[in-house]
Amino acid sequence: MKELILIAISAIFVENFVLSKFLGICPFLGVSKKTSTALGMGGAVVFVITLSSAVTWAANKYLLESYGLTYLQTIVFILVIAALVQFVETVLKKVLPTLYSALGIYLPLITTNCAVLGSALLIQERQYTLLNAVVFGFASAVGFTLAMVLFSGVRERIETSEIPIAFQGLPITLIAAALVSVAFVGFQGLFGL
Amino acid sequence: MTDKKRNVFKVLTNGFMKENPVLKLVLGTCPSLAVTTMAKNGIGMGIAATFVLLGSNIVISLIRKIVPDKVRIPVFITVIAGFTTIVEMLLHAYLPDIYKELGIYIPLIVVNCIILARAEMFACKNTVGMSILDALGMGGGFTIALLIMGSIREILGAGTWFGITLTKNLFDPAVIMVLPAGGFLVYGFVVAAVQKFSTLNIRNKEIAAGCGMSCAGCVANDNGGDKA
C-alpha cells in the first residue's frame with residue numbers, strides 16, 4: 001500500500017507529466033484556454049490512460065514478451081492505443097451517453113497525445129506490476145489534469161493583460177508555463193529522489 | 001524550367017524559416033522541450049526525427065494511390081511506427097550514449113505531430129521527389145530549432161557547449177535552464193524573438209493560437225477517417 005501511495009504522489013507532483021516530463025504539451029497548450037475545456041480534456045485523459053496502462057501492460061506481458069517480440073513494442077502500443085480510443089468512444093456512446101457528451105469531443109484528440117504512449121512506455125521501462133501500472137497511469141493522468149487546470153487559471157488572467165506584441169500568443173503562454181513549472185520544482189525534494 | 005527550380009527551392013527552404021515546424025507551426029513541442037538540455041541531444045533528436053520523416057514521406061508518397069482514404073491515418077501511423085522502430089534499433093546499436101540520453105523520447109517520435117502532419121499535408125499529395133525535399137527541409141528546420149534551444153540551455157545552464165566548457169570564469173551557470181522550467185522559458189523567448197523579427201507578425205499570432213490545436217487537427221481527421 002505504501003508503495004502505491006508513493007507511486008501515486010510522485011507521479012502527480014514530482015514527475016508531473018506536463019511540467020517535468022514534457023509529455024502532452026500539445027493539449028496542454030491547445031485546450032488550456034478555459035478551465036472548463038481543460039477539465040473535459042483532463043477527464044478524457046484520465047479515463048484513457050488508466051485503461052491503456054492496463055491494456056498495454058497485458059499486451060506487453062502476454063503478447064510481446066511471451067513470443068519474444070519486444071522490439072515491436074512501439075508499433076503494437078500505438079495501434080493498441082488507437083484501437084482502444086476508438087473502442088472507448090463507441091462503447092461510451094452506447095452505454096453512457098451522458099459521459100460521452102461530456103468527454104466525446106476530446107476522445108479523438110487523445111490518440112496522438114504523447115502522454116498516453118509515454119505512460120505506457122514508462123510502465124514497461126520501470127517493470128511495474130499490473131496494479132502498480134494502473135495506479136501510475138491514473139495518477140499521472142491526474143497530474144496532467146491538475147497542471148492543465150491550474151494553468152488554465154493563469155491563462156484566463158493573461159487574456160486580459162497587456163503584453164508586448166512580440167510576446168503575444170504562444171511566447172507569453174510558454175513563459176507562464178515556465179513559472180508554473182518552477183512551482184513544481186519545489187516538490188522534487190519530497191522523497192529525496 | 002526556372003519555375004520548377006524555384007518551386008523545388010521553395011519546398012526545400014520552407015521548413016527552415018517560413019514554416020519552421022517548431023518555431024512557427026508549433027508542432028513537435030514535446031521533444032523540443034524535453035531533449036534540449038544539451039546541444040548534442042538536440043541534434044541527435046533532430047536527426048532521428050528527420051530520418052523517420054524522410055522514410056515515412058517516401059513510403060507514404062509511394063503508396064498514396066493504393067491506400068484507400070478511409071484507412072489512411074492508421075496506415076500512416078503504422079508506417080511511421082515502423083521507421084521509428086528502425087531508428088530506435090540503429091541508435092541502440094551504434095550510438096548507445098544518445099540512445100540512453102533520449103530514452104523514451106525515441107519511441108515517442110511516433111506521436112511527433114510534425115511527421116503525421118507532413119504525411120497528411122504533403123506526402124499524400126505529392127511525388128516522391130518533392131516529398132524527399134519536404135522531409136529534408138522540415139527535418140532540417142526541426143534540427144536547427146532544437147540546436148538553437150539546446151545551445152542556449154546548455155551554455156546558460158551548464159556553462160558548456162557540446163561538452164566543451166565555455167564560461168569557466170565568466171558566470172556561474174544557472175541550473176534552472178536545464179530544469180524543465182528553463183525549457184519553457186527558452187522556448188518562449190526564442191518564439192518571441194522569431195515573432196519580433198518576422199514581418200508577418202499578425203499572421204503569426206493566428207498560427208500560434210490555432211497551432212496548439214494543429215495536433216488536435218490531425219487527430220480530428222484521424223477519427224473521421226476511422227469512422228467513415
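The sequence lines fix the lettering, A, B, ..., with proteins before strands; numbering per chain opens at 1.
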Considering only heavy atoms, which portion of B:Ile176 lies under 4.5 Å from any heavy atom of chain A: side chain, backbone, both, or neither?
-> side chain
Rounded distance (nearest 0.5 Å) linking atom CG of B:Leu185 with atom OG of A:Ser181 = 10.0 Å
Over 60° means perpendicular and under 30° means parallel, so classify the ring planes of B:Phe184 and A:Phe28, tilted if in between.
-> tilted
Checked B:Thr29, B:Val191, B:Leu33 vs chain A; the most non-hydrogen pairs under 4.5 Å come from B:Leu33
Considering only heavy atoms from C-beta outward, does the side chain of B:Pro180 approach that of A:Leu19 to under 4.5 Å?
-> no
Non-hydrogen side-chain atoms of A:Gln73 and B:Pro107 separated by less than 4.5 Å = no
Within a reach of under 6.0 Å around CZ of A:Phe184, are more than 12 heavy atoms found that belong to other residues, nucleotides or ligands?
-> yes
Within a radius of less than 6.0 Å around CZ of B:Phe162, do more than 12 heavy atoms belonging to other residues, nucleotides or ligands occur?
-> yes
Select, from B:Val186, B:Leu179, B:Val110, B:Thr84, the one with the greatest count of heavy-atom pairs under 4.5 Å involving chain A.
-> B:Val110
Looking only at heavy atoms, what is the nearest atom pair of B:Ala192 and A:Phe167, with distance?
-> CB-CE2, 3.6 Å
Quick one: OG1 on A:Thr74 to CZ on B:Phe83, what's the gap to the nearest 0.5 Å?
-> 14.0 Å
Interatomic spacing from CG in A:Leu23 to CD1 in B:Ile104 - rounded to 0.5 Å = 5.0 Å
Heavy-atom pairs under 4.5 Å with chain B are the metric here; pick the option from A:Thr90, A:Ile78, A:Val116 that has the most.
-> A:Ile78
If you look at every heavy atom in B:Gln195 and A:Ala166, which pair is closest and at what distance?
-> OE1-O, 3.1 Å
So which of B:Gly183, B:Gly182, B:Ala81 has the largest heavy-atom pair count under 4.5 angstrom toward chain A?
-> B:Ala81
Shortest non-hydrogen separation from A:Val182 to B:Ala181 and the atoms involved | CG2-CB, 3.5 Å
Heavy-atom distances under 4.5 Å only: say whether A:Leu79 touches chain B with side chain, backbone, both or neither.
-> side chain
Which distance, rounded to the nearest 0.5 Å, do you find between the CG of A:Leu29 and the OH of B:Tyr187?
-> 8.0 Å
Which of B:Val111, B:Ile106, B:Val190, B:Thr85 touches chain A most, by non-hydrogen pairs under 4.5 Å = B:Val111
